[in-house]
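Residue numbers start from 1 in every chain, and the chains themselves are labelled A, B, ... in the order their sequence lines are given, proteins ahead of strands.
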Number of protein chains: 4
Amino acid sequence: MTPPESSGPRRPLRADAARNRELLLAAAAAEFAERGVDASIADIARRAKVGKGTVFNHFPSKDHLLTAIAVARLDQLTESAESLLAGSDPGTALLDFLTLGAEQQQQLDLSAMFAGGTADIQDPAGVDQARERMVRAVDALVTRAREQGAVRPDITGADVVLLMCAPAYAAGPLRQAYPELWRRYLMVVFDGLRPEGAHPLPHPPPPLGHL
Amino acid sequence: MTPPESSGPRRPLRADAARNRELLLAAAAAEFAERGVDASIADIARRAKVGKGTVFNHFPSKDHLLTAIAVARLDQLTESAESLLAGSDPGTALLDFLTLGAEQQQQLDLSAMFAGGTADIQDPAGVDQARERMVRAVDALVTRAREQGAVRPDITGADVVLLMCAPAYAAGPLRQAYPELWRRYLMVVFDGLRPEGAHPLPHPPPPLGHL
Amino acid sequence: MTPPESSGPRRPLRADAARNRELLLAAAAAEFAERGVDASIADIARRAKVGKGTVFNHFPSKDHLLTAIAVARLDQLTESAESLLAGSDPGTALLDFLTLGAEQQQQLDLSAMFAGGTADIQDPAGVDQARERMVRAVDALVTRAREQGAVRPDITGADVVLLMCAPAYAAGPLRQAYPELWRRYLMVVFDGLRPEGAHPLPHPPPPLGHL
Amino acid sequence: MTPPESSGPRRPLRADAARNRELLLAAAAAEFAERGVDASIADIARRAKVGKGTVFNHFPSKDHLLTAIAVARLDQLTESAESLLAGSDPGTALLDFLTLGAEQQQQLDLSAMFAGGTADIQDPAGVDQARERMVRAVDALVTRAREQGAVRPDITGADVVLLMCAPAYAAGPLRQAYPELWRRYLMVVFDGLRPEGAHPLPHPPPPLGHL
DNA sequence: GATGAATGAGGATTCATTCAT
DNA sequence: AATGAATGAATCCTCATTCAT
């Protein structure tokens, strides 16, 4: 019954198990979005209509679950960045990317995992690699935009990654009342990234590798 | 400038109690800064070298402690804003204020309390009033700057209050490695507030009263 | 006579869980009897040889545990009253019921829950209904006895419910030394309920609905 | 200044201290009556308009405070019993005494201390002696009544002491709604003590010394 | 693989009691 | 003698995680 490569790292899951995994990720994302990272495993399991034990069958710890979500989001952003890179206008592409990032952030603040704040987590599910992939993709996007004058010359990919979450964060306190307010602050920040009227920046950008 | 006990308790505390109160506020601020709002009372007490019960003698609940810190910070910002309003250059005054705000935020993220995200807290120690005072002071600062062309015409005091915390937030993940990085992002955001090269904003500003 | 799970939970519990539930109820009853309602959950858990958390798995709060015990007792009394009502002699039936009630009370004083003193509890487990059922059953018993001249005419079901706990209470201080002393005081009280030598009572009986 | 017998057990208190002691006893009695024996020392101190430390200056522990109240009540009852003994009708005297006892009990249930349930308390303030005095006085009252046929012959002083608290206890759950209901149950119990229609009692009375 | 019962460490809070002022 | 600040043991409860079914 058990396939020969019984202890291989990536055994294909049984159909129902795979389905449960997706249900769980969705439920967890929703619950985390609503209640923050303190959402309880019990609530997530209930929302996924699954036993509590099943959660731990799929994700050895709450952190693993959290990072699995983060990885999914990072990968999604990486993909977006890459496909936008194929598109035409560099400035528009970057703004579109930032919009996607803020939209995501609007739902669940994972910024710590997006930008290297994972010192205390043992990178349970490859966040570091996923982040690296995203950072590289964003850097490509930014480099192209900078070279074509769509953003100011002293801005790097690392800056953009870090600033990506800021608009949603600024609008956060009024999210209930004005769910689209983040768009306003994204434009403010983006205006700050433009070459026109740029003033010299007081601190060097962090190296890409530190993200 | 500062009165001895701006928002202190009714009766003047005994000397030693007053000292403990300050020790506690400092310890709590530090602990919250390091561990977030989930820092435990036990740790705070230990850090203040005080019994656990003493914390509750001074602050009837953890929320009261948290809000006491928030109120102190808000009042400090209000004062800064007011004294900057008396100074000369409107643009510089606003930038200086944002610098102070970001510096504070750098240490402990209380943005939720700074901007009306206190629906679930019963305002134990007057955060709402403190916030209102600050918002009014900031609005005065912004209005003056806007009238004199130091910031773009479509920016309001509410916008500034909300954006105030963003630079520290963006730089947060790299705080350990680059403690001054927030200055960089403060300048980016401030460039976004300038009139030069401003693009139209996609969402109306929130009314002051909603903060 | 007794159905397997008279007021049990919706789903049939797993065998081991059901056993733990009974262990817990027994341990709690014993502990409450010895230490009063201030007995600690930790002690109850220890006595039931169960983890503290298990207590809360079965009963969401201490009040729920307490009321679960109360409901069980009330239901037991209701049943007794109903089956005694089917029996022959009205006077004997009432005395037998009071004996059962006092016997129960002897072990754990839940009189407050037996007689409407639950204003501060949000009726976590249906004490109110259980009490109503018992009160109704007792009233039937008393009405029959009164109509047949077995008790004085100015006594109601409410009176009997209230007086039911008194004998065990009176004998309480000497429970250790004379565990059966309550029988003596039950007879005194019961003599007071008899028609012979009854003097007029100075206060109207409380309406049934107030119990 | 300090009187010679400085460490004598019964130094006359300074006038203000004596006053505070009375304030405290009154406040404690009121608070215990309202909130039960779990009333907090802090509340008592506040009610007496006295510092918390003062409570402990007068009463070395909460138990001492509680027993001081009990002793005062017992002494009061002893006095009543003794003066009623001097009066005319034995039956009326006993009923009057029971009325006083129930009235007292109505306010604060100290029955445990009234009837020897102090095994766990180290008799901090002479409850045992005070109880003995009362028991003796009640026994005299009962003996006289029994000899004159005002109560049934098989009833002793010990029985009456134990039964004394029962009416208030029975009426307790409805105290708020019907504050005088205890009078009804006192008459029921008293009818049970009368010689008319008395049935034999199933258990010997406890010896006086066991109270 | 799925389930949910069992577990116990950890957290906020209360309160009698002690002690410095 | 009076005060009230300090203390820490005790309590209820939550929740991630383990494990038997």
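Taken to the nearest 0.5 Å, the OG atom of Ser40(C) stands 6.5 Å off from the CZ atom of Arg46(C).
The Asn20(A) side chain lies nearest to dA2(E) when the options are dC13(F), dA6(F), dA2(E). Checking dC12(F), dT3(E), dT7(E) against the side-chain heavy atoms of Asn57(A) singles out dT3(E) as nearest. For Ala17(C), whose side chain is taken as the heavy atoms from C-beta onward, the closest listed nucleotide among dT7(F), dA16(F), dA5(E) is dA5(E).
Nearest-nucleotide positions on DNA chain E for Val37(D) and Val37(B) put Val37(B) closer to the 5' end. Along DNA chain F, the nucleotide nearest to Gly51(B) and the one nearest to Lys62(C) differ in position, and the one closer to the 5' end is contacted by Gly51(B).
Ala39(C) comes within 4.0 angstrom of the backbone, heavy atoms only, and of no base. Counting any heavy atom pair closer than 4.0 Å across all strands shown, Ser40(D) reaches sugar-phosphate atoms only and no base atom. The residue Lys52(B) sits close to a base: some heavy atom pair falls under 4.0 Å. Using a 4.0 Å heavy-atom criterion, one finds that Ala48(B) contacts no nucleic acid atom at all.
What separates CZ of Phe56(D) from P of dA2(F) is a distance of 15 Å, to the nearest Å. Across the protein-nucleic acid pair, Leu24(A) atom CG and dA2(E) atom C1' stand 11 Å apart, rounded to whole Å. One atom, NZ of Lys49(C), and another, P of dA5(E), lie 23 Å apart when rounded to the nearest Å. Spacing between atom CG of Leu66(C) and atom P of dC12(F) amounts to 11 Å, rounded to whole angstrom units. Glu31(B) places its CD atom 15 Å from the C1' atom of dG10(E), with the value rounded to the nearest Å. Whole-Å rounding puts the Phe59(C) CZ to dT14(F) C1' distance at 18 Å. Here the P atom of nucleotide dA5(E) and the CG atom of Leu23(C) are 16 Å apart, to the nearest Å. Atoms CZ (Arg46(D)) and P (dT3(F)) sit 14 Å apart, rounded to a whole Å.
Between Leu24(C) and Arg21(C), every side-chain heavy-atom pair lies at or beyond the 4.5 Å cut-off. Looking at heavy atoms from C-beta onward, Leu25(D) lies in side-chain contact with Phe59(D) at the 4.5 angstrom threshold. No side-chain heavy atom of Asn20(A) sits under 4.5 Å from any side-chain heavy atom of Asn57(A).
Taking side-chain N and O atoms only, His58(A) has a distance below 4.0 Å to OP1 or OP2 of dA2(E). When the side-chain nitrogen and oxygen atoms of Thr54(C) are compared with OP1 and OP2 of dA5(E), none of them lie within a distance under 4.0 Å.
Between the side chain of Thr67(D) and the backbone N or O of Ala70(D) there is no donor-acceptor pair closer than 3.5 Å.
Base pairing of dC19(F) is made with dG4(E), judged by Watson-Crick or G-U wobble geometry with both donor-acceptor distances under 3.5 Å. A 3.5 Å limit on both hydrogen-bonding distances identifies dT14(F) as the Watson-Crick or G-U partner of dA9(E).
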Quiz prompt | Arg19(B) vs Asp16(B), salt bridge (charged side-chain N to carboxylate O under 4.0 Å, His left out): CA-CA, chis, key distance, verdict | solution = CA-CA 5 Å; Arg19(B) 193 169 155 281; Asp16(B) 55 346; over 6 Å; no
